[in-house]
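Working notes for the structure below.
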Amino acid sequence: MSEIRVQIRHDEGEARARNVTEGTTAADVLGGDRSVIAARVDGTLRDLSHPVQDGNLVEPVLASSEDGLAIIRHSCAHVMAQAVQELFPSARLGIGPPIKDGFYYDFDVDRPFAPEDLVRIEERMRAIVQTRQLFARREVSDEQAREELATEPYKLELIGLKGATASHDDMMSVEVGADTLTIYDNIDPANGQVAWKDLCRGPHLPSTRHIPAFKLMRSAAAYWRGSEKNPQLQRIYGTAWESKGSLANYLHLLAEAEKRDHRKIGKDLELFHFDPTAPGMPYWLPKGLRVLNNLLAFWREEHEERGYQEISTPLVNNKRLWEISGHWDHYRDNMFIIDNDDEEPSYALKPMNCPSAMIVFNLKTRSYRDLPLRLSDCDPLHRNERSGTLHGLLRVQKLQQDDAHIFITPDQIHEEFQRIFDIADRFYKIFDLDYKFRLGTRPESYIGDAETWESAEATLLSILDARTGGDYEVENGGGAFYGPKIDILMSDALGRPWQMGTIQLDFQLPRRFGCVYTDEHGQRQTPVVIHRVIYGALERFLGIYIEHTAGAFPLWLAPVQVSIIPVAPEYVEYAHKVADALHHAKVSVELDARNETLGMRVRVAQQQKVPLMLVLGAREAQSGTVSVRRRGERTLTTMDLGLFVDRVASAVRARVDVELPPDAG
RNA sequence: GCCGCCUUAGCUCAGUCGGUCAGAGCGGCUCACUCGUAAUGAGCAGGUCCGGGGUUCGACUCCCCGAGGCGGCUCCA
């Protein structure tokens, strides 16, 4: 046999050359380390059984690496599909890719899976893992694949889409790439028989015994190839890890994340309520509204400083307005329409503020000297969402955006965008939130001409490139119907992404509403409008922020900033004096003089996430001091009442944490 | 909108394979204790078992319809 020469590299270190005989596999080259479950050959992930070629650079893929976990999860998806088809012979296969923290597989089945089915499937999977089936890769022609998969209509459809899918849909391309089709056989080592097989690009684990830990999570319906027009398949989600410890750790993290759920915290802290009579439309309770008002007060200060002028406009408009704006044709399904049988025309609750801003712009003749004209509008909006899409505060039907419409000349676009990005930076830094950008381009349903759209998209692209150095996503077709947009995304406690702020470029609405300004040559011009929100919807922002902080708001935002706990009834009088002093200094106080033990009342304040607690007894009453306990800390500080009031009040005003003297006992 | 699951006291949840089983803890109220930094003790009150139909001698329990919620899909701030 002839010799070939390969390079082997471990841990990003120096590559070392080695001579091996032809036909040597990646596994042979990399040695018998059990934590190596695949190979990267010249940068491409391969099975360990892949024969290396002369000149290849071969690197190990560890089970615990990101690629390794994806392979474990992908192989686990196969095991699940095999179990499902063994238990439900009529089940037909959809696709089964690895995803963040796990995998799923879609099936066309006679009836949806019940929770008990998942238990049975999981048991069968454990049995399959026990048998140590081998994953064997085999290249097949299109014809051969069609023949072997004749009973799998969805796989046949994928074969027909081969090549076209790779660029369009990552999930589909897991099954078929652009090149030769491959089938993975699961071989039972006991008898050498093929126990199961699936059309798949791979790579896969050497055998099922390399799946150390997995768990099925839930089942749900999902449209075939992600389109509502297609039939629904039944999807089972699972998770898989390189060790039992990692699985346990992941499940623990999930449980912890659930405790941060803003819906639970909102109830515990009495922030808001959803009533069955108003789905998706929050009742703001006193404490929740206080937080919301604090957010808005901060927002107003910052925006007035930056030249924004706030307006408020009608909640209900005649449908004529929505016809002019295009909402009637492009957004009607999401609008609450008030239809009086005997009266023409209809009215609708506003789902967006933009048309009203156009009307305000048109109230005067405008000069280029008036631009940029920044009109903000935080009115409540109503959007009639499809049922099944609501989600606590994160997806509501009544919302308030920190909205603004900025009328500018075309050559002011770039600078105005920079100003908006600066505001976003300032806000998100204060709240310590992570975010990323996403560009949304022209959707299927749009107004205006393609050329204008393309130039607007190009403008946004160049701004984004300059701002982020290319660190952003592009969502084709993700724009608003009137223009392309840059969205700002954040994640909830479970890592699910949500669209928060958005900055949208609009050449269409000003034209539709006949907005004009006079330029420096006395010519009438149509302004460009930027629609922008920083918080996004206040409801969603607060929901995300609750999950981010687990309800432990910073001092300036907290609904109750100081909780006062007198040690015994005879000190209640002094406690009232302290409460009054704080109240007059515009600090939000709660006095807990209930007939409960001190420990109990401290505990309640702690659970209510009150930032500061004052315990008042004989010592304090006598010396005119307060004994301060910070949320989450056990160390106490005793300080003069007047000093404490000043410190807290100024910290609240400055929206910073309060500074207390070092521990004085 | 689609699929599945869920809905019992203010909250969190037991429970009945259809028959005095409507329960617990927390919370609330009352009383006692008068308390120094994450749960003092005792007693009392509190439920249209989501709503509407149906099956049955009998329905919180089974069936159908509806509402709301949860998890996804689709759609979006």
Side-chain angles (χ1 to χ4, degrees), chain A residues 104 106 109 111-115 117-118 217-237 261 263-264 267-268 270 274-280 331 333-334 351-352 381 383 385-397 399-403 440 443 475 478 480 485 487-490 494 496 498-502 504 531 533-541 543-544 563 565-571 594-607 613-620 627-636 665:
Chain A
Y104 67 78
D106 289 343
V109 277
R111 60 163 179 85
F113 296 110
D117 296 327
L118 295 197
M217 304 300 283
R218 63 176 64 92
S219 62
Y223 296 105
W224 168 238
R225 296 183 60 211
S227 168
E228 222 172 355
K229 295 176 189 121
N230 289 336
Q232 277 192 331
L233 306 182
Q234 294 299 316
R235 173 172 299 178
I236 302 177
Y237 286 94
D261 191 317
R263 292 164 298 191
K264 177 179 156 44
K267 199 176 276 184
D268 291 347
E270 297 182 347
F274 283 99
D275 199 75
T277 59
Y331 205 75
D333 288 348
N334 284 301
M352 297 184 194
L381 304 175
R383 297 184 182 177
E385 301 289 350
R386 298 166 82 178
S387 69
T389 58
L390 303 181
H391 185 97
L393 289 180
L394 301 185
R395 185 73 180 271
V396 290
Q397 299 201 108
L399 60 145
Q400 242 175 307
Q401 290 181 318
D402 60 318
D403 211 354
E475 186 188 21
K485 60 177 185 171
D487 289 330
I488 296 166
L489 306 178
M490 296 183 188
L494 288 171
R496 292 175 291 207
W498 294 90
Q499 181 180 327
M500 308 300 287
T502 180
Q504 310 180 344
H531 308 233
V533 291
I534 303 297
Y535 287 133
L538 277 147
E539 289 77 4
R540 178 174 288 181
F541 183 85
I544 290 286
S563 179
I565 304 170
V567 168
E570 58 252 55
Y571 312 115
R594 286 179 305 169
N595 184 18
E596 282 293 344
T597 58
L598 176 58
M600 175 58 142
R601 287 175 290 156
V602 167
R603 178 169 191 265
V604 169
Q606 191 73 44
Q607 283 177 333
M613 285 161 246
L614 301 182
V615 173
L616 306 178
R619 293 200 295 267
E620 291 79 12
S627 176
V628 191
R629 177 189 170 120
R630 268 183 199 272
R631 174 180 62 205
E633 288 178 16
R634 282 166 183 277
T635 54
L636 310 172

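Sequence lines set the chain letters: A, B, ... in the order given, protein chains first and strands last, and positions in each chain run from 1.
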Please examine the side chains of Phe541(A) and Met500(A), heavy atoms only from C-beta on, and report whether any two atoms are closer than 4.5 Å. yes

With the side chain defined as heavy atoms from C-beta on, Thr389(A) is closest, among C3(B), C75(B), A77(B), to C75(B)

Atom pairs, N/O to N/O, protein against nucleotides 24-31 of chain B, distance under 3.5 Å?
residue	atom	partner	partner atom	Å
G28(B)	OP1	Arg594(A)	NH1	3.2

Which one, G69(B), A77(B), C73(B), comes nearest to the side chain of Tyr223(A)? C73(B)

Presence of Gln499(A) side-chain N/O under 4.0 Å of A77(B) phosphate oxygens OP1/OP2: yes

A24(B) to C49(B) separation - C1' atoms, rounded to the nearest Å: 15 Å

N/O donor-acceptor pair under 3.5 Å between Arg601(A) side chain and Glu596(A) backbone: yes

Find every protein N or O atom lying less than 3.5 Å from an N or O atom of nucleotides 42-46 of chain B, and list the pairs.
none

Give the nucleotide from the list U34(B), U74(B), C73(B) with an atom nearest to the side chain of Tyr237(A). C73(B)

Quick check on U74(B): is either OP1 or OP2 less than 4.0 Å from any side-chain nitrogen or oxygen of Lys229(A)? no

His391(A) NE2 to U74(B) P, straight-line distance once rounded to whole Å: 16 Å

For residues Asn334(A) and Glu385(A), determine if any side-chain heavy atom of one lies less than 4.5 Å from a side-chain heavy atom of the other. yes

Starting at the 5' end of RNA chain B, write a dot or bracket for each base, bracketing those in Watson-Crick or G-U wobble pairs whose two distances are under 3.5 Å and using | for partners on another strand. (((((((..((((.....[...)))).(((((.......))))).....(((((..]....))))))))))))....

Would you call Gln401(A) and Leu381(A) a side-chain contact if the rule is heavy atoms closer than 4.5 Å? yes

Options U34(B), G71(B), C3(B), nucleotide nearest the side-chain atoms of Arg218(A): G71(B)

Between C73(B) (C1') and Ile236(A) (CD1): distance, integer Å: 15 Å

Gln232(A) CD - C5(B) P separation (whole Å): 14 Å

